[in-house]
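Heads up: the structure comes next, in C-alpha cells.
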Amino acid sequence: MSTTDHEADFNNWLKDHRADAQRHFAIDPSRPGAALAEMIELGVPIDTWPFVLTPQFLARGTHTALQTGLTAIFDGIDTVLREKFRHDPGRIAEALRLPPWQRNLPWLAPGRDWARIARPDVVFDSAGAPWFVELNAGTPLGGLAMSAVLARMYGAWPAAAEYLRRAGASHVDTVRALAEHLIEVEHLDRSRLMVIAYWGNEDDNVPPHAYRGLVDALARYGVTAVSAAVEDLDLDGECVRLDGRRVDAVYRFFAETDSVPGFDEELWHHLLEHVRRGSVAMIGKEGADVYLDKAFIAMLSEAAGSGHLAAPLPGRINAALPWTRMMVDEFAETVVRRRGDCVLKPADGFCGRGLIFGPATEQRAWEQAVEDAVTGDQRWIVQRVVSSPMVHLASPGLSGVAFADYSTQTGVFAIGRRFAGAIRRCDPSLGLNVAVSLGAAQGSVQIL
C-alpha cells in the first residue's frame with residue numbers, strides 16, 4: 001500500500017503552502033508555530049518528539065474492515081477462553097506460564113469484559129487490506145490523548161482545517177469514547193477523582209505529556225482526573241483517597257515488577273485489596289499483561305486452522321489475523337526454510353522489543369534464532385510477516401517542512417469492542433519493526 005491519492009494530494013497542497021506550513025508547524029522551542037500551541041502547553045519537546053504532518057486517510061470501507069477484523073478477533077478469543085480454558089484461571093495461567101505475582105490479577109473482577117479497552121497494531125498490505133499483527137488488549141491506551149492533539153493541530157491553521165473539511169475528513173475522538181465508557185460502563189462518579197497512576201517519578205514511566213494530555217482531554221468531557229504516584233494515594237481507609245478527596249478509579253499507567261523504578265509490592269497488594277472489595281475501580285491492564293500476551297494470538301490462529309471452530313468464525317479470523325503459532329520444534333524446519341516470510345516475537349514482549357524479522361536477518365543468524373526460540377526458557381511465537389507499507393510523508397524540521405519515505409503501522413483504539421480512532425506510527429529508516437519506543441514518529445488518522 002503506497003502513498004494514497006489523498007495523502008499525495010495533501011502533500012502537494014502542503015508544498016504549495018510550504019511557507020505557511022513552516023510557520024504554523026515550526027518546532028523551534030524559542031519560536032514555536034501556532035499549530036503546536038497545545039503540544040507546548042502539555043510540555044511536549046517539539047524539537048525532539050517525532051511526528052509527521054501528512055495524515056493517514058482511511059476510507060469508510062477501510063474503517064468498516066477494521067471493525068470487522070476487531071469483531072472477528074474478539075469473538076475468536078471469547079471462544080478460545082470458553083472452549084479451551086472454560087474460563088479457568090489456573091488453566092490460563094499455566095498455558096501462559098504466568099509468573100506467580102501475575103496469576104491472580106486477571107480475576108480481580110470476574111465477569112467483566114476482558115476486551116473493554118484494546119489497541120491492536122495493524123499493518124496494511126499492498127492491496128490495502130488490514131492485518132492485526134498484535135492484539136494489545138487491556139492496554140492503558142497511552143497514545144490516545146496524543147492522537148487527539150495531533151488531529152487538533154490542523155485546526156490551529158485555518159487553511160489546513162478548511163482543506164480537511166473540503167476533503168470530507170474528520171478524526172474519531174478517542175478520548176470522548178473513553179470518557180463515555182468510563183461514565184456509562186465503569187460507572188465513574190463525576191464528583192470523585194480518577195487518578196492516572198504511576199510508580200515513583202513521573203519521568204520514569206511514559207512521557208509526562210501522555211499523562212497531562214489525558215488529564216486535559218478527559219476534562220473536556222466532564223471527567224475529573226489527575227496524575228499522581230501510587231505512593232501518594234491514601235490506602236488506609238475504607239476507600240482510596242488523594243489529598244483528602246475520594247478516588248473512584250485508578251487508571252493504570254504502570255506495571256508491577258521489580259524492574260519498574262519506584263515499585264512497592266506492599267502498596268501494590270494494598271491497592272489490589274481495594275480493587276477486590278470494590279472500593280476503587282482499576283482501568284487498563286486490569287488483568288495484568290495476560291491479554292497483551294502474544295500467545296493468545298497464536299492460540300487463536302491455531303484454533304482457526306484446526307477445524308474445531310464453527311463456521312464462519314475461522315474464515316473471519318483468518319481474514320484478519322496473519323498465520324501465527326507458538327514457536328515449537330514442530331515448526332522449526334519450516335520456519336528456517338521460510339525465513340523471508342516469518343517474524344519471531346517473544347510472547348511476553350512489548351513495544352517492538354526483541355522482534356526478529358526473517359527478511360532482515362542473515363540465514364545463519366536466523367537458524368540460531370529459531371533454535372534459541374525452541375530450546376530456550378522464553379516463549380516465542382512465529383508469525384507470517386506483513387510488510388509495512390512505504391509512504392511519502394511530510395514532517396516538520398528545524399530547517400522547515402521536509403518530505404521522505406516511511407514504513408508505517410497503525411495503532412487502532414478499541415473501546416467497548418468498537419473502533420474508537422487510531423494513531424499512525426512512521427519509521428524513517430524504512431524498517432519492518434515500526435515502534436515508537438524504537439524512534440518511530442506519530443501522526444494523525446482521519447476518516448473520510
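Along the sequence shown, residues are numbered consecutively beginning with 1. Computed from a predicted structure; not experimentally measured.
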> W131 and D125: side-chain hydrogen bond (donor to acceptor under 3.5 Å, both in side chains), yes or no, with the steps?
Replying inline: CA-CA 7 Å; W131 291 94; D125 65 18; 2.9 Å; yes
Are the side chains of [X] and [Y] in touch, meaning some heavy atoms are under 4.5 Å apart?
{"X": "I283", "Y": "V250", "value": "no"}
{"X": "V195", "Y": "Y251", "value": "no"}
{"X": "D264", "Y": "W199", "value": "yes"}
{"X": "T324", "Y": "E302", "value": "no"}
{"X": "L393", "Y": "L53", "value": "no"}
{"X": "V226", "Y": "I196", "value": "no"}
{"X": "I381", "Y": "M327", "value": "no"}
{"X": "I73", "Y": "L300", "value": "yes"}

Of all residues at least two apart in sequence or in a different chain, which pass the salt bridge (Lys or Arg N to Asp or Glu O under 4.0 Å) check with [X]?
{"X": "E367", "value": "none"}
{"X": "R166", "value": "E162"}
{"X": "D78", "value": "R417"}
{"X": "D9", "value": "none"}

Does [X] use its side chain to pair, donor to acceptor, with the backbone of [Y] at less than 3.5 Å?
{"X": "N136", "Y": "R119", "result": "yes"}
{"X": "E7", "Y": "T4", "result": "yes"}
{"X": "D427", "Y": "G431", "result": "yes"}

>> Using side-chain contact (heavy atoms from CB on, under 4.5 Å), reason through M299 and F85 one step at a time and then give a plain yes or no.
In response: CA-CA 11 Å; M299 291 176 192; F85 298 111; 3.6 Å; yes
> Are V445 and F57 close enough, and set up right, to give a side-chain contact (heavy atoms from CB on, under 4.5 Å), and what steps lead you there?
Replying inline: CA-CA 6 Å; V445 175; F57 293 97; over 6 Å; no
Let me confirm one number: the [atom1]-[atom2] distance from [X] to [Y], rounded to the nearest 0.5 Å.
{"X": "R91", "Y": "L81", "atom1": "CZ", "atom2": "CG", "answer": "11.5 Å"}
{"X": "I27", "Y": "L36", "atom1": "CD1", "atom2": "CG", "answer": "8.5 Å"}
{"X": "M194", "Y": "L182", "atom1": "CE", "atom2": "CG", "answer": "5.0 Å"}
{"X": "S306", "Y": "K84", "atom1": "OG", "atom2": "NZ", "answer": "9.0 Å"}
{"X": "R176", "Y": "R220", "atom1": "CZ", "atom2": "CZ", "answer": "12.0 Å"}
{"X": "W49", "Y": "M39", "atom1": "CH2", "atom2": "CE", "answer": "5.0 Å"}

Can you name the nearest heavy-atom pair linking [X] to [Y], along with the distance?
{"X": "V382", "Y": "W323", "result": "CG1-CZ3, 3.9 Å"}
{"X": "P130", "Y": "F124", "result": "CB-CE2, 3.7 Å"}
{"X": "P396", "Y": "F25", "result": "CB-O, 3.6 Å"}
{"X": "V434", "Y": "S407", "result": "CG2-OG, 3.6 Å"}
{"X": "A440", "Y": "P50", "result": "O-CG, 3.9 Å"}
{"X": "G43", "Y": "R212", "result": "CA-NH1, 3.9 Å"}

> Is R18 atom CZ crowded by more than 12 heavy atoms from other residues, nucleotides or ligands, each under 6.0 Å away?
Replying inline: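 Yes, the 6.0 Å shell around CZ holds more than 12 heavy atoms from other groups.
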>> Taking atom CD as the centre, does E41 end up with more than 12 heavy-atom neighbours from other residues, nucleotides or ligands that are less than 6.0 angstrom away?
In response: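 No, because the 6.0 Å sphere around CD of E41 holds 12 heavy atoms or fewer from other groups.
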> By side-chain hydrogen bond (donor to acceptor under 3.5 Å, both in side chains), which residues pair with T54, not counting sequence neighbours?
Replying inline: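 Scan of T54 (side-chain hydrogen bond (donor to acceptor under 3.5 Å, both in side chains), adjacent residues dropped) gives N11.
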Residues forming a ring pair (Phe, Tyr, Trp, His ring centres under 6.0 Å) with [X], sequence neighbours excluded:
{"X": "H181", "result": "none"}
{"X": "Y406", "result": "none"}
{"X": "H171", "result": "none"}
{"X": "Y163", "result": "F10, W13"}

>> Quick test of your reading: applying side-chain hydrogen bond (donor to acceptor under 3.5 Å, both in side chains), list the pairs with at least one residue in residues 347-361, sequence neighbours left out, ordered by first then second residue.
In response: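 Sorted result for residues 347-361: D348-Q378.
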> According to the side-chain hydrogen bond (donor to acceptor under 3.5 Å, both in side chains) rule, which pairs have a member within residues 146-156, sequence neighbours left out?
Replying inline: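 Counting only pairs at least two positions apart or across chains, the side-chain hydrogen bond (donor to acceptor under 3.5 Å, both in side chains) contacts touching residues 146-156 are E38-R152.
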> Does the pair L432 and V343 meet the rule for a side-chain contact (heavy atoms from CB on, under 4.5 Å), with working shown?
Replying inline: CA-CA 10 Å; L432 291 167; V343 55; over 6 Å; no
Please check if any side-chain donor atom of [X] sits under 3.5 Å from a side-chain acceptor atom of [Y], or the reverse.
{"X": "R325", "Y": "S301", "answer": "yes"}
{"X": "T410", "Y": "Q56", "answer": "yes"}
{"X": "Q442", "Y": "R424", "answer": "no"}

>> Walk me through whether Y221 and V175 qualify under side-chain contact (heavy atoms from CB on, under 4.5 Å).
In response: CA-CA 8 Å; Y221 301 108; V175 178; 4.3 Å; yes
>> If we check side-chain contact (heavy atoms from CB on, under 4.5 Å) with F132, which of these qualifies: I317, L70, I297, V123?
In response: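 Answer to the side-chain contact (heavy atoms from CB on, under 4.5 Å) test with F132 among I317, L70, I297, V123: L70.
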> Only one of V370, L355, D372 forms a side-chain contact (heavy atoms from CB on, under 4.5 Å) with L344, so which one is it?
Replying inline: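 Of the listed options, the one satisfying the test is V370.
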Throw together a table of side-chain donor-acceptor distances under 3.5 angstrom for residues 58-65, partners on residues two or more places apart or in other chains.
residue: R60; atom: NE; partner: L448; partner atom: O; Å: 2.6
residue: T64; atom: OG1; partner: R60; partner atom: O; Å: 3.0

>> Any salt bridge linking D341 with R338? Criterion: basic side-chain nitrogen under 4.0 Å from a carboxylate oxygen.
In response: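 Yes, charged N to carboxylate O under 4.0 Å.
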> With a 4.0 Å cut-off, would you call E134 and K345 a salt bridge?
Replying inline: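 A salt bridge is present here (some side-chain N lies under 4.0 Å from a carboxylate O).
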